[in-house]
Amino acid sequence: MSFSADDHRFMAQALLLAQRGMNTTTPNPRVGCVIVKAGQVISEGWHEKAGGPHAEAVALANLTSTAAMNATVYVTLEPCSHIGRTPPCADALIAAGVTRVVTAMQDPNPQVAGQGLTRLGAAGIATECGLLSDEAHELNIGFVSRMTRGRPWVRLKIAASLDGKTALKNGVSQWITSAESRQDAHHWRARSCALLTGIGTLKEDNPRLTVRGITTSRQPLKIVVDSQLQTPPDAAVLANGNVLIACATDHATRRDALAAAGAEIVVLPAAHGKVDLVALLTELGRRGINEVLVEAGARLNGALLQENCVDELLLYQAPLLLGDTARGMITEARQNELTDLADVPRLHVIERRVISTDFFIRARFL
């Protein structure tokens with residue numbers, strides 16, 4: 001399928017609009033829309049939050065009832081064809097009299113999955129799909145993951161020294177990386193639907209797990225993996241609620257105390273008294289969680305990697321050397337020690353940046 005330079009330009013504009021919903025649309029996808037007539041943009045819109053109008057509806061609402069007649073619509077995700085919290089966008093475009101709809105990608109939601117484009121085509125509207133599809137997929141990688149795998153996209157964030165250490169032997173880790181790197185990490189927090197840590201990190205650092213220094217209309221869900229429900233009821237993470245604690249054993253007294261402090265408890269036992277991490281991700285997918293950012297210690301990092309629960313690594317490395325007695329990034333949870341480099345998991349680096357004095361690497365597993 002051949003697209004013109006103008007097609008690329010208008011879809012790129014729609015993708016920029018979609019990015020405005022980066023931190024707010026969960027559990028919905030980020031979507032942008034541009035309406036063009038006679039080579040000129042006559043309206044645009046983007047989806048801001050669940051329950052609010054979709055991008056196409058916003059763009060159409062800016063026009064008079066006949067202004068979109070014979071127009072071309074560029075939208076980053078296939079227009080919906082089902083009735084959810086809002087009416088179907090495919091029907092709205094048909095009623096508006098547009099003659100062409102260009103989409104970046106098909107909606108992976110089984111309730112849509114091509115039906116929106118089919119409905120438009122049946123109404124005589126020319127449809128084309130696949131323009132800047134990689135960019136659109138990347139923008140909604142968590143939504144796609146949840147729709148196709150039933151689980152969120154998981155990013156593991158680690159701040160470390162050049163020799164791969166995350167804290168001194170005594171646990172002191174504040175601060176290894178620069179203030180600029182820490183602020184950059186808050187952007188990843190802001191776009192995430194949930195932040196996940198373990199009981200070890202909670203006990204040592206007492207983190208709040210909140211987005212700070214960035215204007216946002218919502219805070220991500222806070223998740224603590226705590227097998228034996230050892231979270232103190234006065235832990236900072238419990239402030240303002242919105243906390244999920246995953247445990248392996250249901251201690252009634254501890255559960256009641258944590259529930260009174262504002263936490264929701266979910267029991268997901270695995271072998272050896274541990275939390276079933278795969279089941280946890282499935283549960284998060286069921287709850288509409290698209291993207292999870294993990295900020296944990298070496299033990300939970302290792303367990304998540306061992307269970308193939310990590311999709312992407314965010315590594316901030318500071319120009320420090322902490323030595324071999326300092327704490328590492330990952331505690332290996334394998335039963336059998338690796339003896340051949342051919343068996344070591346490989347990663348593909350997709351981004352490198354310098355942030356202040358630090359190095360930032362974003363990588364995905366091959």
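- At a threshold of 4.5 Å between side-chain heavy atoms, the hydrophobic network of Ile, Leu, Val, Met, Phe, Trp and Tyr places Leu280 and Leu156 in one connected group.
- At a threshold of 4.0 Å, the pair Glu291-Lys157 does not count as salt-bridged, since none of the basic side-chain nitrogens sits closer than that to a carboxylate oxygen.
- Of all heavy-atom pairs spanning Thr231 and Ala235, the tightest one is CG2-CB, 4.1 Å.
- Between the side chains of Ser178 and Asp358, at least one donor N or O lies within less than 3.5 Å of an accepting N or O.
- Judged purely by atom type and a 3.5 angstrom limit, Asp276 has no side-chain atom pairing as donor or acceptor with the backbone of Leu268.
- When the shell of 6.0 Å around CD of Gln40 is examined, it contains 12 or fewer heavy atoms from other residues, nucleotides or ligands.
- Side-chain atoms of Val237 and Leu202, non-hydrogen and from C-beta on, do get closer than 4.5 Å to each other.
- Remark: the backbone N or O of Val243 is not paired with any side-chain donor or acceptor of Glu264 at under 3.5 angstrom.
- We find that Arg353 and Glu351 are joined by a salt bridge, their nearest charged nitrogen and carboxylate oxygen being less than 4.0 Å apart.
- Looking only at distances, no side-chain donor or acceptor of Thr177 sits under 3.5 Å from a matching main-chain atom of Ala159.
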**Verdict with reasoning, Ser227 to Cys247, per side chain to side chain contact (heavy atoms under 4.5 Å, CB included)** = CA-CA 4 Å; Ser227 298; Cys247 66; 5.9 Å; no

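- No continuous path of ILVMFWY side-chain contacts below 4.5 Å connects Phe359 to Leu347, so the two sit in separate hydrophobic clusters.
- A salt bridge links Asp311 to Arg151: one of the charged nitrogens lies within less than 4.0 Å of a carboxylate oxygen.
- The CZ atom of Arg146 sits 14.5 Å away from the CD1 atom of Ile141 when rounded to the nearest 0.5 Å.
- The backbone N or O of Asp343 lies less than 3.5 Å from no partner atom in the side chain of Asp340, so there is not a single donor-acceptor pair.
- Atom OG1 of Thr127 and atom CZ of Arg100 lie 10.0 Å apart (nearest 0.5 Å).
- Cluster annotation: Leu16 and Met11 are assigned to distinct hydrophobic clusters (Ile/Leu/Val/Met/Phe/Trp/Tyr, side-chain heavy-atom contacts under 4.5 Å, transitive).
- When all heavy atoms are compared, the tightest approach of Leu77 to Pro29 is CD2-CG, 3.6 Å.
- For the pair Leu304/Gln306, no side-chain contact is recorded, criterion being any heavy-atom separation below 4.5 Å from C-beta on.
- Between His8 and Phe3, the angle of the ring planes goes over 60°, which puts this pair in the perpendicular group of the 30/60° scheme.
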**Message:** Working note: Ile158 + Leu314, criterion side chain to side chain contact (heavy atoms under 4.5 Å, CB included); need CA distance, chi angles, decisive distance, verdict.
**Reply:** CA-CA 6 Å; Ile158 300 176; Leu314 307 178; over 6 Å; no

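- With rounding to the nearest 0.5 angstrom, the NE2 atom of His137 is 11.0 Å from the CG atom of Leu139.
- Residues Arg119 and Asp91 meet the side-chain proximity criterion, which asks for heavy atoms closer than 4.5 Å.
- Here CZ of Arg182 is found 12.0 Å from CD1 of Ile355. Values are rounded to the nearest 0.5 Å.
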**Asked** After noting the C-alpha distance and the side-chain angles of His47 and Arg30, does the key distance pass the side chain to side chain contact (heavy atoms under 4.5 Å, CB included) rule?
**Response** CA-CA 6 Å; His47 180 51; Arg30 301 146 181 150; over 6 Å; no

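- Under a cut-off of 6.0 angstrom, the local environment of CG in Leu341 is sparse, with at most 12 non-hydrogen atoms contributed by other residues, nucleotides or ligands.
- Geometrically, Arg155 does not engage Trp188 in a cation-pi contact defined by less than 6.0 Å to the ring centre and at most 45° from the axis.
- Counting heavy atoms from C-beta on, the side chains of Phe365 and Leu305 come closer than 4.5 Å.
- Listed here is the closest heavy atom pair of Leu281 and Cys309: CD1-CB, 3.6 Å.
- The residue from Asn28, Thr26, Asp107 that alone fulfils the side-chain contact (heavy atoms from CB on, under 4.5 Å) condition with Phe143 is Asp107.
- Looking at Lys37, its side chain does come within 3.5 Å of a backbone N or O of Ala67 through a donor-acceptor pair.
- Judged by distance alone, the side chain of Glu78 and the main-chain N or O of Gly116 form a donor-acceptor pair under 3.5 Å.
- The pair Glu295-Lys222 fails the salt-bridge criterion, with no side-chain N (NZ, NE, NH1 or NH2) lying under 4.0 Å from an Asp/Glu carboxylate O.
- Phe360 is not listed as a side-chain neighbour of Leu315, based on a closest heavy-atom distance of 4.5 Å or more.
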**Request:** Give the intermediate values and the outcome of side chain to side chain contact (heavy atoms under 4.5 Å, CB included) for residues Cys33 and Val73.
**Result:** CA-CA 7 Å; Cys33 176; Val73 176; 3.6 Å; yes

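- Contact record, Cys193 with Ile289: CB-CG2, 3.7 Å, taken as the closest heavy-atom pair.
- When all heavy atoms of Gly328 and Ala298 are compared, the closest pair comes out as O-CB, 3.4 Å.
- Remark: side-chain polar atoms of Arg20 are not paired, donor with acceptor, to backbone N or O of Gly45 under 3.5 angstrom.
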**Message:** Please determine whether salt bridge (charged side-chain N to carboxylate O under 4.0 Å, His left out) holds for the pair Arg364 and Glu138, giving the CA-CA distance in whole Å, both sets of side-chain angles, and the decisive distance to 0.1 Å.
**Reply:** CA-CA 13 Å; Arg364 291 176 182 166; Glu138 190 69 27; 2.3 Å; yes

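- Side chains of Arg191 and Asn23: a donor-acceptor N/O pair is absent below 3.5 angstrom, by distance only.
- Criterion: ILVMFWY side-chain heavy atoms under 4.5 Å apart, direct or through other members. Under it, Val294 and Leu221 are part of a common hydrophobic cluster.
- Between Ile35 and Leu63, some side-chain heavy-atom pair lies under the 4.5 Å cut-off.
- By the 4.0 Å N-to-carboxylate-O rule, Asp250 lies close enough to Arg255 to be salt-bridged with it.
- Evaluated for a side-chain contact (heavy atoms from CB on, under 4.5 Å) with Val154, the options Val292, Leu277, Leu293 yield exactly one hit, Val292.
- To the nearest 0.5 Å, the span separating CD1 on Ile361 from OH on Tyr316 amounts to 12.0 Å.
- When only modelled atom types and interatomic distance are considered, Thr99 and Asn70 share no side-chain donor-acceptor pair under 3.5 Å.
- Remark: Lys274 NZ to Gln228 CD distance equals 8.0 Å, nearest 0.5 Å.
- With Asp184 contributing its side chain and Glu180 its backbone, the two residues share no donor-acceptor pair below 3.5 Å.
- Counting heavy atoms from C-beta on, the side chains of Thr25 and Glu48 never come closer than 4.5 Å.
- With hydrogens and angles left out, the side-chain atoms of Ser4 and Asp7 include a donor and acceptor closer than 3.5 Å.
- When the side chains of ILVMFWY residues are joined at heavy-atom separations under 4.5 Å, either directly or via intervening members, Val144 and Val75 end up in a single hydrophobic cluster.
- Judged by distance alone, with hydrogens and angles left aside, the side-chain atoms of Asp205 form no donor-acceptor pair with the main-chain N or O of Pro207 at under 3.5 Å.
- When all heavy atoms of Pro152 and Gly285 are compared, the closest pair comes out as CD-N, 3.9 Å.
- If you check the side chains of Arg208 and Thr210, you find no donor sitting under 3.5 Å from an acceptor.
- Side chains of Val58 and Glu44 form no contact here, defined as non-hydrogen atoms less than 4.5 Å apart.
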